[in-house]
Amino acid sequence: MKLPVCWLKDFAAIGNSSPQEIADALLSVGFEVEDIIYAGADIDKVVVGKVISCKPHTNSDHLHICMVDVQSEILQVVCGAPNVKTGDVVPCALVGAKLPGGINIKAGELRGVMSYGMLCSGKELGVDDTVIEGAEVDGLLQLPKDIPLGTDIRKVLGLDEYVLDVSVTANRPDCQSVVGLAREVAAAMKVKFTPPVNKYKTVEYDGEYMPEVKIDDELCSRYTGRLIKDVKIERSPDWMRKRLRLADIRPINNIVDITNYVLTEIGQPLHSFDVRFINKGIIVRKAFKGEKITALDGKEYSLEEDMLVIADSVKPIAIAGVMGGEYSGIMSDTTSVFLEAARFDRRSIRITSRKLGLRSDSSARYEKGVDYTSVDEGRERALYLIYKLKAGKIVDICSDAGEKRPEERVIETSAERICSLIGKDIPKQTVEKILRALDIKVESKPRSDKLVCTVPLYREDIEDFADLSEEVIRYYGYDNIKSTFLKTASCTEGGESDKDIRSGEIKELLCGFGAYEIMTYSFIPEKACDMLRLDDNDDRRNYIKLHNPLNEDTATLRTQLTHNMLSTIALNLSRGNDEVRLFELGRKYIPIKGAELPDERSTLSMGFVGKKENFYEIKAAVSAVLSYFGINANINYSAQPFMHPGISADISVNGQTIGYCGSVHPTVMENYGIGGNVFIAELDLETLLINGKSDVKYAPISKFPCVNRDLAFVVSDQYNVGDIMKTIKNACGQDLEQIQLFDIYKGEQIESGFKSVAFSLRFRSQDKTLGETEINTLINAATEKVKSVYGALLR
Amino acid sequence: MEEKIAKLTENCTAEISAADSESALYAVRVKYLGKSGLISELMKGMRELSPEMRPLMGKIVNEARGKLESLFAEKGKALHESELAARLAAEKIDITIDKAHPVGKLHPLSAVRKRLVDFFVSMGFDVMEGPEVETDYYNFEALNVPKDHPARDMQDTFFIGGNTLLRSQTSAAQIRYMENHKPPLKMISPGRVFRNDDDATHSPVFHQLEGLVVDKGITMCDLKGILESFAKHFFGQETKVRFRPSYFPFTEPSVEVDVSCAICHGKGCRICKGTGWIEILGAGIVNRKVLRTCDIDPDEYTGFAFGFGIDRIANIIHGIPHIKLLYENDIRFLKQF
């Protein structure tokens, strides 16, 4: 809400308080001032000057050399304007002046003649005819001759003004107006508030056509109208135009300006119809199916059946509260005006405005909520202004339909109750004083704590003692209450869930692997599925779509984290960060058939990039995570369409695939614009995080010595080391404490298609020292098994 | 005999001192003191002596042996030490060479979240994470924001369709918590929230932390107490806290909370836009309607709630100029924290 300080002064006796002081006062009672705007900020050191002589420049066919009286001195100025002549009173930019567009004026030579300033046109000052008449002529802005020379041009143009850009919270629609804010400012600065006084004279009703009003829908709670005759459409006075401009409203003509002025000052939207085009009465009703209206913006709108319209007997003449029809609007030849002041349901206005994509100052105001009293206040203010501006004659007839004045809300409470939410015993007298300053009537009986508060109609936000409590603390000041530390509260245990604790531990574990945690958006573009080469029937194509995405990158909710990991890798590679280990622990969103909300599953993704990386590095990190949970996972060559089929694994637990790790498919690498050594992994950890691991119980440590043996085989390439190790383990049983691969070799001395694999084995028994014979028996059993299963040769 | 011993002792002493390595010393030892060494040989000759002479000579031989043993020990120790020193010197490496074994780090948002959670848990707050895809009821209706309420304009919400949306505030978790827990209660809910807003200062995804306390006799002064200790903990002991009246549909009275700018200490700088204050959170006394919605009697219990952006706290603590940097995940950024 733009609040011009000069306008504020009409109602709050703030004297010469600075804009900053007013802003501070507003802030202290809950109205943030986002900006203090000085209307003349673009202009500096431009004054009113009089051309006392004007001679043609001897060296130019269009320049003139002028002597200009700016009161403090007489300046020589070279001027190129076609309309310059002796006796002109014009704006003169002095040396060091600032003009709109960042232009600075310096002394300079023009074709051999020094010029100490510049005479200005309206355009050069950034103003047009709506600001001052004559601003748009080709040449200097000719000012009235009676302005004292040397006057700051900002004063002449009405730009020497401050405007506060006030942020009004949604619970205070009454403060979407100069008067509403003035009441708060006055209370906050402890100065007098004077409400607007509206006195005007009417002319007797003489049987003119006055549309009768009927409300046919509860979305309109009140509709009033007045008739103005002998209207003369003209330019409104400078003071009004100036104020409208300060409030960011473009002046148009007297009648339209008055309605806009009232909208800003009182907060009541008004609409004026040319009465000639209202055919036999007004009815407020829902639009009929297929009905159309051309609004004041010149566009045709198709109305829907839930939209409220103002109609005459044959057609809609306005979209209620949003915009009037072009046909019945005010024109230069309008002589009789029907002035509407009404109250429409804010929700209805909001929906209509959204659906039509049509917003106006009026609809914006109605959406915030207009109260019962503002209908009358606004209409009366407009009539007063019409009278004051002699814009027309107010006919002594009134249309008024809808609800009668509601009762004011009465809240019976006590100072103690009000203070109970604050935590400080504020004296009853102080409470009463604060409430009264806010126009709340307070009855209190001596020797009783009880307070009976009557709330003015425009404060629809005050419903019970908690709201009064807010009013009191707002004005009492939060700086005046002392901190306490939950002095009446009970002890609570609190703590994080096991799932959160485990997630934290997994993150720490991965940091130990040299991986940095990343956080990416929950969104992915639809095309991600194609980039990852997902099959048409892949579950991950079943995603949630956003109804109103920002752009295609935020179109869907992710069903995997791999897309974002690859995108993050691509970003880092593109910036030369070619050795990175990254991980993300975030949610994916899996729609559940028939359920309102999706399954949000905690998922881990990893990305290892760089020369030194290989499949086994990322597999080690994955194994570490699985071993944190005490899980024995199975791995198989990955079936993921975006993974390299020979250098990646799918990981399954209890027959269910929970993830994958390995190298990225070359086509997918291309799709993401990445190259080099890139390994990724993804694990669905939801179930694991929730179930965790069972509590570990101690197992006795063997007291007996161990025996180490090595075994090496030559075996066909087609067999995997993991399988051979499993076979050895099974053959050796529980006395094999540990088995490790220590060498794998292909090449010289080994037939092509074969490899040599060597393991070191450690044997130890829980309950005895293993003898040579026992060890040999185990080794033989393992050797024979490997030979028979894999056709291996012992080396 | 005696002479022989003296001679052997003399020779052996000379050879011990001439030995230049542990192995040379060992050879000397074998030569004189070994099983068939010179001294042992001498002992064999004892048999030939008269019985009277034997103890006398035995004493002399043993004294000589003892003397030599200690010389061997002394020399052995000296040789061992010099050989060890030589080996250690030879084993010296260039310790300025680095072997890359980097340790990763938590994302700054995770790290800050962890600190926040630890702080509130230490005061008995429960931690709850609610769903990110929410129903209109939890995100708005139950928080006293009916359909088409102007307060909905305060937040640009991502809708999914029907009644579901991406939660625009962690306050949604308040309601879920109060449905399942009755007072006395203290909870925080950190988590991801979404707004349809994307410019230099806004990210469509960011993180909030919601706090809620409901008990008997909870007041605005208690809220001030908690938030002051929070502010001091995170922004330094000198930090001042300012409450300003504001409006949120789910609290009444509502406040906006500022902390004194940690950069300029209230003098006014770019970070605080010259005001000396940085707005960090919204809070208030839980609206009586909200308590009623959750079946908690507002005449018996009162409570306060607060909510702030974790991203904002992280940015203030670390001096991160743009929220977008948090979600870009450039490794050079991540390595800094």
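Chain letters run A, B, ... following the sequence lines, proteins first and then strands; every chain starts at 1.
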Next on the checklist: Working note: V133(B) + E600(A), criterion side chain to side chain contact (heavy atoms under 4.5 Å, CB included); need CA distance, chi angles, decisive distance, verdict.
Outcome noted: CA-CA 8 Å; V133(B) 181; E600(A) 297 180 16; 3.6 Å; yes
Next on the checklist: For a side chain to side chain contact (heavy atoms under 4.5 Å, CB included) check, start with the C-alpha distance between K289(B) and E463(A), then their side-chain angles and the critical distance, and finish with the verdict.
Outcome noted: CA-CA 11 Å; K289(B) 289 179 197 164; E463(A) 293 177 344; 2.7 Å; yes
Next on the checklist: Using side chain to side chain contact (heavy atoms under 4.5 Å, CB included), reason through T492(A) and M123(B) one step at a time and then give a plain yes or no.
Outcome noted: CA-CA 8 Å; T492(A) 48; M123(B) 293 191 296; over 6 Å; no
Item to check | CA sep, side-chain torsions, deciding dist, call: E256(B), L27(A), side chain to side chain contact (heavy atoms under 4.5 Å, CB included) | outcome: CA-CA 10 Å; E256(B) 202 101 56; L27(A) 186 75; over 6 Å; no
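For the set L166(B), N163(B), V117(B), V213(B), the count of heavy-atom pairs under 4.5 angstrom toward chain A peaks at L166(B). Interface check for chain A: of the options L109(B), D198(B), I285(B), D330(B), the most heavy-atom pairs under 4.5 Å are formed by D330(B). Counting heavy-atom pairs closer than 4.5 Å to chain A, the top residue among D197(B), T302(B), L185(B) is D197(B).
Shown here are the ring pair (Phe, Tyr, Trp, His ring centres under 6.0 Å) partners of F333(B), two or more places apart in sequence or in another chain: F337(B). Residues satisfying the salt bridge (Lys or Arg N to Asp or Glu O under 4.0 Å) test with E184(A), not counting sequence neighbours, are R172(A), R474(A).
Ion pairing between E328(B) and R575(A) holds under the 4.0 Å rule for side-chain N and carboxylate O. One finds no salt bridge joining E129(B) and K499(A) here, because no Lys/Arg side-chain nitrogen approaches an Asp/Glu carboxylate oxygen to under 4.0 Å. In this structure, D299(B) pairs ionically with R417(A), as a charged nitrogen and a carboxylate oxygen lie closer than 4.0 Å.
For S246(B) against T169(A), the heavy-atom pair with the smallest separation is OG-CG2, 4.2 Å. Smallest separation of non-hydrogen atoms from N196(B) and N548(A): ND2-O, 2.9 Å. Here the shortest heavy-atom pairing between Y478(A) and K224(B) reads O-NZ, 2.9 Å. Considering every non-hydrogen atom in both P253(B) and E470(A), the closest pair reads CA-OE2, 3.0 Å. Taking each heavy atom of K487(A) and D222(B) in turn, the nearest pair found is N-OD1, 3.5 Å. Closest of all the heavy-atom pairs between F523(A) and P204(B) is CE1-CB, 4.0 Å.
Using a distance-only test at 3.5 Å, with no hydrogens or angles considered, no donor-acceptor pair links the side chain of N329(B) to the main chain of N572(A).
Heavy atoms of S522(A) lying under 4.5 Å from chain B belong to its backbone as well as its side chain. At a 4.5 Å heavy-atom cutoff, the contact between D464(A) and chain B is made by side-chain atoms alone. L571(A) touches chain B through its side chain: at least one heavy atom from C-beta onward sits under 4.5 Å away, while N, CA, C and O do not. Using a 4.5 Å cut-off between heavy atoms, F485(A) touches chain B through backbone and side chain atoms alike. Only the side chain of F304(B) comes within contact range of chain A, with heavy atoms under 4.5 Å apart. For P549(A), the part lying under 4.5 angstrom from a heavy atom of chain B is the backbone only. Neither the backbone nor the side chain of L585(A) comes within contact range of chain B; no heavy atom of the residue lies under 4.5 Å from a heavy atom of that chain. Residue contact with chain B, scored on non-hydrogen atoms closer than 4.5 Å, is absent for L510(A). If you measure heavy-atom distances from L546(A) to chain B, the contacts under 4.5 Å come from both the backbone and the side chain.
In summary, the side chains of E132(B) and Y589(A) do present a donor paired with an acceptor at a separation below 3.5 Å, with no hydrogens or angles considered.
In this structure the side chain of R244(B) reaches within 4.5 angstrom of the side chain of E32(A), judged on heavy atoms. Counting heavy atoms from C-beta outward, T164(B) and L597(A) have side chains that approach closer than 4.5 Å.
For the atom pair CZ of R242(B) and OG of S28(A), the computed distance is 9.5 Å after rounding to the nearest 0.5 Å. If you take CE on M519(A) and CG on L334(B), they are separated by 10.5 Å, rounding to the nearest 0.5 Å. A distance of 5.0 Å separates CG of L486(A) from CD1 of I218(B), quoted to the nearest 0.5 Å.
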